[in-house]
Amino acid sequence: MELTGLNRTCADKCGGIRAISLARASDIKHIDFDPESLAFRSIAPEDAAAFARFQFSENSASLLEEAVWEDADLVVRHTLRFSIDPVDARSADAIGQIARASQAAGLVALIETNAGQTLLAGYSQRFGARYPLRLATAATDPGTEKSERQARTVTLCSTDCSFAAAAE
């Protein structure tokens, strides 16, 4: 394969995640991808309420994607992490919802960045929802100092063959 390089485009480059919406992978009927750019064009959920928005603590969300070689195949590990506060019954219920959906069907995430980009994780053009995001950990940290924020941190992971697709 020939190396062709990369020409950057002008775009807002601020980091961070503004919003996360999750749906059970089984609730996604179809996602239309552009065959050339691999960007996704549209999502057809089973019903309009398939995606639920999860509000998270400010500056606590991240999406890490690592491309690694495994058994002569290039795979991409996705790790979506965010914190929910305060530590109360409502945040425990939210984590319970995520855990049950993760165990039953896995999750597909729509991630809105502060730069205005929308990313799709847990669903790929090649495999569909075969490798969705799954709950890896849900941890509660009450902190050690009075000034520390108490939060529950959710970590969702999946392994696939491509990076999260951007919206067209």
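Only heavy atoms go into these numbers, but all of them, side chains included; no hydrogens, no water, no symmetry mates.
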Heavy-atom pair of closest approach, residues [X] and [Y]:
{"X": "Thr153", "Y": "Arg81", "answer": "CG2-CG, 3.7 Å"}
{"X": "Gly116", "Y": "Arg18", "answer": "CA-NH2, 3.5 Å"}
{"X": "Ile98", "Y": "Leu135", "answer": "CG2-CD1, 4.4 Å"}
{"X": "Asp34", "Y": "Glu36", "answer": "OD1-N, 2.8 Å"}
{"X": "Ala101", "Y": "Leu107", "answer": "CB-CD2, 3.7 Å"}
{"X": "Glu65", "Y": "Ala164", "answer": "OE2-N, 2.6 Å"}

I need the [X] [atom1] to [Y] [atom2] distance, nearest 0.5 Å.
{"X": "Glu168", "Y": "Leu38", "atom1": "CD", "atom2": "CG", "answer": "10.5 Å"}
{"X": "Ser21", "Y": "Ile111", "atom1": "OG", "atom2": "CD1", "answer": "9.5 Å"}
{"X": "Cys161", "Y": "Glu70", "atom1": "SG", "atom2": "CD", "answer": "12.5 Å"}
{"X": "Ile95", "Y": "Ile84", "atom1": "CD1", "atom2": "CD1", "answer": "5.0 Å"}

Check for a donor-acceptor pair, side chain of [X] on one end and backbone N or O of [Y] on the other, with a separation under 3.5 Å.
{"X": "Arg134", "Y": "Ser102", "result": "yes"}
{"X": "Thr137", "Y": "Ala139", "result": "no"}
{"X": "His78", "Y": "Pro132", "result": "no"}
{"X": "Gln117", "Y": "Ala166", "result": "no"}
{"X": "Asp160", "Y": "Val76", "result": "no"}
{"X": "Thr155", "Y": "Ala136", "result": "no"}
{"X": "Arg152", "Y": "Asp88", "result": "yes"}

**Item:** Atom CZ of Arg126: over 12 foreign heavy atoms under 6.0 Å
**Value:** no

Problem set entry | Over 12 non-hydrogen atoms of neighbours within 6.0 angstrom of CD in Gln55 | no

hydrophobic_cluster_shared for [Y] and [X], side chain cutoff 4.5 Å:
{"X": "Phe163", "Y": "Tyr131", "value": "no"}
{"X": "Ile31", "Y": "Leu133", "value": "no"}
{"X": "Leu120", "Y": "Ile17", "value": "no"}

- Is any side-chain heavy atom of Leu110 closer than 4.5 Å to a side-chain heavy atom of Tyr123? no

Notebook entry, point to check: Should Ile43 and Val108 count as side-chain neighbours, where that means a heavy-atom distance under 4.5 Å?
Noted result: no

For residues 97-110, the salt bridge (charged side-chain N to carboxylate O under 4.0 Å, His left out) pairs (sequence neighbours left out) are none

So the ring-ring contact (aromatic ring centres under 6.0 Å, His included) pairs with at least one residue in residues 15-45 (sequence neighbours excluded) are none

* Asked: Going by atom types alone, do Thr159 and Arg77 pair a side-chain donor with an acceptor below 3.5 Å?
  -> no

Does Phe82 form a side-chain contact (heavy atoms from CB on, under 4.5 Å) with Leu156? I'd like the steps, not just the answer. CA-CA 9 Å; Phe82 58 96; Leu156 303 171; 4.3 Å; yes

